[in-house]
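I have placed the structure first, in the form of structure tokens, so that the comments after it can refer back to it.
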Amino acid sequence: MSDRAGMTRARTLLFAVAGGAAVGNLYWAQPLLDVIASSLGTSVALAGLLVTLTQVGYALGILLVVPLGDVLDRRRLIPGVLVASAVTLVFAAIAPSFPVLLVALALVGLTTVAGQLLIPLAGDLAEPASRGRVVGAIASGVLTGILVSRTVSGLVADALGWRAVYAIAAVAALVFAVMLRRVVPELDRRDRMPYPALIASVFRAVAAHRSVQVTLIISATVFAVFTMFWTALTFLLSAEPFGYSTTAIGLVGLAGLAGAVAAQRVGRLHDRGVSVPVTGAALALVLVSLVVAGLGSRSIVVVVVAVVLLDVGVQAANVLNQTRLFAIDPAARSRLNTAFVTGNFVGGSIGSAVASVLWNAGGWTAVSVGGAVLVGFALTVWAAHRRRGLVVTAAH
């Protein structure tokens with residue numbers, strides 16, 4: 001099968017589900033910290049390191065593994081990464097102690113990057129006229145995996161124990177490895193380069209294109225707002241007048257599935273040539289959501305409305321920014337995706353840290369105002385570059 005076979009609906013669906021399942025590995029532990037801590041004889045506070053080290057491993061995987069998608073045969077690379085992920089998940093499932101589980105989950109993070117290899121691959125396989133739709137669909141799958149993983153994790157752990165979560169995830173990774181090995185088409189041979197030069201070229205690719213730099217600034221800023229909002233939302237809903245349990249807060253989080261729907265649909269707007277103006281509209285929607293959230297902090301209905309508006313705006317901007325990057329340099333799509341995800345990760349980390357500072361300084365109002373200031377910055381950058389810096393010529 002040649003790469004001209006393109007992205008069929010079946011292949012797009014498989015990429016979306018496989019990507020969502022892969023990224024879900026990062027979040028299995030979040031609702032299980034108390035159970036894991038009790039099982040392995042440690043404190044819940046210390047168990048929080050499980051989530052931190054998984055995220056650190058993921059960041060390293062994005063930087064060190066994803067660029068390989070530009071030089072290696074992805075028909076072998078992606079299944080290989082999934083098999084490695086399955087091995088680390090089994091390691092986590094049988095971990096006899098907390099330190100061993102820490103190491104195992106750091107390795108899970110390092111190897112669970114299949115979703116970020118599949119997205120640029122889809123960008124290569126898709127026809128230019130449908131690239132936005134395809135990337136949007138797969139990004140939607142990844143986002144759904146993030147949102148649903150916590151719920152699935154809790155249900156499986158309640159029924160079978162926390163170790164079963166990782167065992168089942170390992171089996172799923174192997175199944176997807178086999179399916180993708182069969183479904184990913186034969187691809188043209190790619191130019192090789194030494195590994196150190198490949199990693200260095202990630203930074204060169206960013207430096208070479210003004211449009212990449214502008215897009216990364218906007219995207220990282222928006223993602224900082226996203227994580228700031230969601231981190232502080234936990235503080236808000238666990239305090240008076242709500243006093244919600246962790247389970248109830250998780251159910252509120254499912255409203256974020258609206259963002260997954262937006263991600264699936266908005267890519268079509270890129271295909272119609274309106275990526276830049278719609279990005280501005282998405283940023284404006286995020287700003288509106290923060291105003292709504294700030295004014296309605298004592299009403300759960302208003303808070304849920306704000307959640308939906310924010311997630312739709314953030315995910316719309318996210319898909320459009322990512323798809324626009326793929327049009328800049330087809331030979332470097334995996335490296336540009338590395339820069340994109342790394343920038344978002346840095347922005348998200350800053351957003352989480354700032355959320356705690358703002359909450360302690362002025363509660364939900366301070367968080368809403370801080371988020372609005374950041375969105376205002378992103379809108380300013382967008383406005384300054386919307387006619388030149390953000391405009392790219394679609395590439396095949």
Side-chain angles (χ1 to χ4, degrees), residues 27 30-31 139-140 143-144 146-151 154 218-219 221-266 278-320 344 347-348 350-380 382:
Y27 300 97
Q30 281 193 344
S140 173
L143 177 60
T144 301
I146 293 172
L147 293 170
V148 172
S149 59
R150 300 175 180 90
T151 303
I218 292 174
S219 185
T221 303
V222 170
F223 212 74
V225 173
F226 180 73
T227 57
M228 180 194 301
F229 180 92
W230 279 98
T231 300
L233 185 64
T234 301
F235 302 150
L236 176 71
L237 296 180
S238 60
E240 294 299 329
F242 301 108
Y244 287 175
S245 66
T246 302
T247 301
I249 294 172
L251 290 174
V252 172
L254 289 179
L257 285 170
V261 176
Q264 184 180 15
R265 300 294 181 184
V266 78
V278 176
T279 298
L283 295 175
L285 183 61
V286 175
L287 184 59
V288 169
S289 75
L290 292 167
V291 173
V292 171
L295 295 177
S297 61
R298 301 186 70 82
S299 166
I300 187 58
V301 173
V302 176
V303 169
V304 169
V305 169
V307 166
V308 171
L309 294 176
L310 179 114
D311 271 40
V312 169
V314 168
Q315 298 310 326
N318 195 56
V319 168
L320 291 170
N344 281 1
I350 293 172
S352 295
V354 170
S356 298
V357 174
L358 290 177
W359 179 266
N360 290 329
W364 185 249
T365 299
V367 171
S368 300
V369 171
V373 169
L374 285 176
V375 177
F377 168 73
L379 272 168
T380 301
W382 170 84

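Here the structure is a predicted model, which is why all the values come from computation and not from measurement. Basis for what follows: all heavy atoms, side chains included, without hydrogens, waters or symmetry-related copies.
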Shortest non-hydrogen pair, V225 vs G371, comes out as CG2-O, 3.8 Å
V278 meets the side chain to side chain contact (heavy atoms under 4.5 Å, CB included) criterion, sequence neighbours left out, with V266, L269, V274, L320
Subject >> Heavy-atom side-chain contact between L358 and V369 under 4.5 Å >> reply: no
Smallest heavy-atom separation, M228 atom then V367 atom, equals SD-O, 3.8 Å
So OG1 of T380 and CG of L283: to nearest 0.5 Å the spacing works out to 10.0 Å
Residues at least two apart in sequence or cross-chain that pass side chain to side chain donor-acceptor pair (under 3.5 Å) with N344, listed by chain then number, are S219, N318
Applying ring-ring contact (aromatic ring centres under 6.0 Å, His included) to F377 and not counting sequence neighbours gives none
Value for OH (Y244) from CG (L233), rounded to nearest 0.5 Å, stands at 10.5 Å
Minimal heavy-atom distance between G347 and T227, with the atoms involved, is O-OG1, 4.2 Å
What one should report as the nearest heavy-atom pair of S297 and W364 is CB-CD1, 3.2 Å
Sequence neighbours excluded, the answer for side chain to side chain contact (heavy atoms under 4.5 Å, CB included) partners of S299 is V301, V302
Distance-only donor-acceptor pairs under 3.5 Å for side chains of residues 284-295, two or more places apart:
from: S289; atom 1: OG; to: V286; atom 2: O; distance (Å): 2.5

Side chain proximity check, W230 to D311, heavy atoms < 4.5 angstrom
yes
For L237 and F242, the nearest pair of non-hydrogen atoms, with its separation, is O-CB, 3.3 Å
Sequence neighbours excluded, the answer for side chain to side chain donor-acceptor pair (under 3.5 Å) partners of W359 is none
All heavy atoms of A224 vs all of L374, minimum pair found to be CB-CD1, 4.5 Å
